[in-house]
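Written below as C-alpha cells is the structure these notes are about.
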Amino acid sequence: MQLKLKLCDVRSWRTADAEPLTRYADNRKIWLNLRDAFPHPYTAHDAREFIRSVRNRVPETTFAIAVNGEAVGSVGFVLRQDVERVSAEIGYWIGEPFWGRGIATEALVALTGYAVATYALTRIYALPFAWNLASCRVLEKAGYQLEARLRRSAIKNGVITDQMQYAYVVPDPDALNEHDRPPLESRG
Ligand SMILES: CC(C)(COP(=O)(O)OP(=O)(O)OC[C@H]1O[C@@H](n2cnc3c(N)ncnc32)[C@H](O)[C@@H]1OP(=O)(O)O)[C@@H](O)C(=O)NCCC(=O)NCCS
C-alpha cells in the first residue's frame, strides 16, 4: 500500500525501515504518549519484531510515514469486531525531528479516508491522553470532533489520567438535516 501525499508518504513497512524506526522510536517523549505496548527503550530487536508482525498481519492496517523515502513515524488503526465492526481506533507517532511540519495531520487525514473507504467504516476514533495537546490539535485539524473526556480512564508512567475521545464520523446518507425533519407528532 502507498499513499503519496504532499509532505510524506503513508506506505507499507519494509524490512529496511528497522534502522530509522529504532532511531526515531527510541524516545521517551513519544513513549509517554502511547500505549504501554510501545516499548521503551526501543531496541533494534523491537523494530525488527514490529515490522515482521505488521507485514504478516492480514488485513494490513499499520503503515510507515515516510519522508524522502525514510520511515520517520507510524500510523495505524485497529478494526473493532462484532457489532462494532463499523468502527476503528486510530493511532500515530512522528519522530521528534519532524514535529511541527503538519506531517501527522496529513497522514491522519489520508489514512482516515483510506480506512473508511476500504472497510466501509462509519466511525474512527482516537484517545489521546488529556495532557497531549499536540495530538488533540492534530485530530481537530484532521476533522475529528471531541466527544468526551474519559475521566481517570488510563494510567501511564504511574499517573492516572483522563483520555480525550475524538471521533471522525461519516454522516448517515439517509439522515435528514435536523431542519428538514417532520415535527415529532407527524413521524410514523
Ligand atoms: C502528536 C504528534 C503526532 C504531532 O505530530 P506533528 O507532525 O508535529 O503534528 P502537526 O505538525 O500535524 O500538528 C501539530 C499541531 O500541534 C500544535 N502543538 C504542538 N505542541 C503543542 C502544545 N504543547 N500545545 C498546543 N498545541 C501544540 C502545533 O502548533 C500544531 O498545530 P498548528 O498547525 O495549529 O500550529 C507528535 O508530536 C508525536 O508523535 N508525539 C508523540 C506521540 C503521540 O503523541 N502520538 C499520538 C497519540 S494519541
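Each ligand, and each atom within it, is numbered from 1 in the order the structure gives.
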Original post:
Regarding Arg23 and Tyr42, is there a side-chain donor-to-acceptor distance under 3.5 Å anywhere?
Top reply: no

Subject >> Sidechain-backbone polar pair: Arg123 side chain, Val170 backbone, donor-acceptor under 3.5 Å >> reply: no

**OP:** For ligand 1, list the protein residues that place a heavy atom within a distance below 4.0 Å of one of its atoms, sorted by chain and number.
**Re:** Ile30, Asn33, Leu34, Tyr92, Trp93, Ile94, Trp99, Gly100, Arg101, Gly102, Ile103, Ala104, Thr105, Pro128, Asn132, Leu133, Ala134, Ser135, Arg137, Val138, Lys141

Original post:
How about Asn68: does its CG atom have over 12 heavy atoms from other parts shown lying under 6.0 Å from it?
Top reply: no

Original post:
If you measure only the distance, is there a donor-acceptor pair under 3.5 Å linking the side chains of Glu70 and Tyr24?
Top reply: yes

**OP:** Under the side chain to side chain donor-acceptor pair (under 3.5 Å) rule, what do Asp26 and Trp31 come out as? Steps first, then yes or no, please.
**Re:** CA-CA 8 Å; Asp26 187 27; Trp31 170 80; over 6 Å; no

Original post:
Is Lys6 salt-bridged to Glu106, cutoff N-O under 4.0 Å?
Top reply: no

